[in-house]
Amino acid sequence: MGKFRRGNHLFLTWKGDHSPRHVHVYRGGRLVVKWNLDARVPMQGTPTARVLELIAALEKEGRL
């Protein structure tokens, strides 16, 4: 499992999770978005611009 905190957001991934490759983003214990990392589209929820920036930064760092 990958668990990363950026500000008030928690990003979770699980090794061996179902396809497509995705990340769960939580804020305040509530799911904000389940983001498809391959197609770059939401699977559930609606991302804010800030969440998209954070996802891009984590991808650039090689964490996602």
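In terms of heavy atoms, N36 sits closest to D38 at OD1-N, 2.9 Å. Closest approach of P47 and W35 over heavy atoms only: CG-CZ3, 3.7 Å. Across L31 and H24, no two heavy atoms sit closer than the pair CD1-CB, 4.2 Å. Pairing each heavy atom of I55 with each of L64, the nearest pair is O-CD1, 3.9 Å.
Once rounded to the nearest 0.5 Å, the distance linking CG of L10 with CZ of R30 reads 15.5 Å. Atom CZ of R63 is separated from atom CZ of F11 by 12.0 Å, given to the nearest 0.5 angstrom. The NZ atom of K34 lies 4.5 Å from the CE atom of M43; values are rounded to the nearest 0.5 Å. Note that CZ of R40 and CG of L52 are 10.5 Å apart. Values are rounded to the nearest 0.5 Å. Within the model, atoms CG of L58 and CD of E53 stand 12.0 Å from one another, a figure rounded to the nearest 0.5 Å.
Linking Ile, Leu, Val, Met, Phe, Trp and Tyr whenever their side-chain heavy atoms come within less than 4.5 Å puts V23 and F4 in one cluster. Tracing side-chain contacts under 4.5 Å through hydrophobic residues (I, L, V, M, F, W, Y), one never reaches Y26 starting from L54; they form parts of separate clusters.
Between the side chain of H22 and the backbone N or O of P20, at least one donor-acceptor pair lies under 3.5 Å.
Counting only heavy atoms from C-beta outward, the side chains of R27 and R50 never approach each other to under 4.5 Å. Between T48 and V33 there is no side-chain heavy-atom pair separated by less than 4.5 Å.
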